[in-house]
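Heads up, the thing below is written out as structure tokens.
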Amino acid sequence: MKKISALKIIALAAVLSCGAKAMASDFGLEALNAADVRAAKTDFRAADPKPAGDDDMIGIDVAVRVPYKTIKKAVGQLAEKNKDVTIIDENAPVMSKSGEFIKIDNIQVNVNGIMARPTLLLKPYLEGRDRLSIRIQRVQLHASMEPDQKAAPELDQNELMSQVMESLIKTVYAAIDAKLKPEHTQYTARDIIRMRYDKTAWTLRMAFSYRIMNQLMPPGLVGTMHLTGFTFSDTAISLKVETGE
């Protein structure tokens, strides 16, 4: 089995953690490359005390920065292949910071012939190590019917949002699987990350498999890595991945 580079795996986790998870999780991951995803800090140091088996491993403390413009580029590449997702205005952002929230808008999703144009305010937070949740704090949802773009019949907003999110989750998995296929790995998207949308709490929950992530690293070199932090600024999102107890 061919090993996948650490940068690709960390970048993959970063994109999926950005709120994609909400509407912008629909990314074409092939848009990501070393020029787009920059490791803001990489500290190779003597490993801190760890359980037996990690004592001789290298410790890593990595911050990965993914600009919002890169995310928009990825969404655009996906839209070229998947007509169910489109960018409405090519000159406007898809993701931006809005106070203490991440704002997602400027996209249209086709849900069984219903064209949904959501504007979302998202609140990302870590529920624990390797577990990221993104709560929809506020939503504005315009829906119309194809082909005449007439207003859609009265629909339950909770149910429509659930359908939109489930559609996007499936697309995210498909995008990751397409990225993994050339690497000749035996793993699938669902092995690396599990996503579940809780429509009663309006929250997308994601759990990253640190076991799989570490199996994709060169054996015997790096200690056990975990997702331990998530932040965002006016221009980008940042993920923190580190080894340790």
Value rounded to 0.5 Å, distance of [atom1] in [X] from [atom2] in [Y]:
{"X": "Asp130", "Y": "Arg211", "atom1": "CG", "atom2": "CZ", "value": "9.5 Å"}
{"X": "Thr228", "Y": "Asp61", "atom1": "OG1", "atom2": "CG", "value": "7.0 Å"}
{"X": "Lys240", "Y": "Leu126", "atom1": "NZ", "atom2": "CG", "value": "11.0 Å"}
{"X": "Thr203", "Y": "Tyr125", "atom1": "OG1", "atom2": "OH", "value": "4.5 Å"}
{"X": "Asp89", "Y": "Ile107", "atom1": "CG", "atom2": "CD1", "value": "13.5 Å"}
{"X": "Tyr197", "Y": "Ile169", "atom1": "OH", "atom2": "CD1", "value": "9.0 Å"}

Next on the checklist: If the condition is salt bridge (Lys or Arg N to Asp or Glu O under 4.0 Å), which residues does Lys199 pass it with, not counting sequence neighbours?
Outcome noted: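 Salt bridge (Lys or Arg N to Asp or Glu O under 4.0 Å) list for Lys199, sorted by chain: Glu159.
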Checklist entry - Who pairs with Arg205 by salt bridge (Lys or Arg N to Asp or Glu O under 4.0 Å), at least two apart in sequence or on another chain? => result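 So Arg205 forms a salt bridge (Lys or Arg N to Asp or Glu O under 4.0 Å) with Glu127, Asp198.
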When clusters are formed by joining ILVMFWY residues with side-chain heavy atoms under 4.5 Å apart, either directly or through shared neighbours, do [X] and [Y] land in the same one?
{"X": "Met165", "Y": "Ile193", "value": "yes"}
{"X": "Leu141", "Y": "Leu204", "value": "yes"}
{"X": "Tyr187", "Y": "Phe208", "value": "yes"}
{"X": "Leu227", "Y": "Val222", "value": "yes"}

Item to check | Qualifying residue, where the test is side-chain contact (heavy atoms from CB on, under 4.5 Å) with Gln108 and the options are Ile87, Val85, Thr86 | outcome: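 Looking at Ile87, Val85, Thr86, the match for Gln108 under the side-chain contact (heavy atoms from CB on, under 4.5 Å) is Thr86.
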Hey, are the side chains of [X] and [Y] touching, using non-hydrogen atoms and a 4.5 Å cut-off?
{"X": "Ile136", "Y": "Leu122", "answer": "yes"}
{"X": "Val66", "Y": "Leu239", "answer": "no"}
{"X": "Ile192", "Y": "Ser209", "answer": "no"}
{"X": "Trp202", "Y": "Asn158", "answer": "yes"}

Next on the checklist: I'd like to know if the side chain of Thr235 pairs up with that of Arg65 as donor and acceptor (distance under 3.5 Å, no hydrogens or angles considered).
Outcome noted: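 Yes - a donor-acceptor pair under 3.5 Å links their side chains.
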Checklist entry - When you check the side-chain N and O atoms of Arg138 and Gln140, is any donor under 3.5 Å from an acceptor? => result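 No, because no side-chain N or O of Arg138 sits under 3.5 Å from a partner of the opposite role on Gln140.
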Hey, can you pull the donor-acceptor pairs under 3.5 Å for the side chains in residues 90-104, sequence neighbours left out?
| from | atom 1 | to | atom 2 | distance (Å) |
| --- | --- | --- | --- | --- |
| Lys97 | NZ | Gly99 | O | 2.7 |
| Glu100 | OE1 | Lys123 | NZ | 3.4 |

Checklist entry - Do any N or O atoms from the side chain of Tyr173 and from the backbone of Met195 form a donor-acceptor pair under 3.5 angstrom? => result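 Flag set: sc Tyr173 to bb Met195 pair under 3.5 Å.
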Checklist entry - Can you tell me if Thr243 uses its side chain to pair, donor with acceptor, with the backbone of Ile60 under 3.5 Å? => result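 Such a contact is found between Thr243 side chain and Ile60 backbone.
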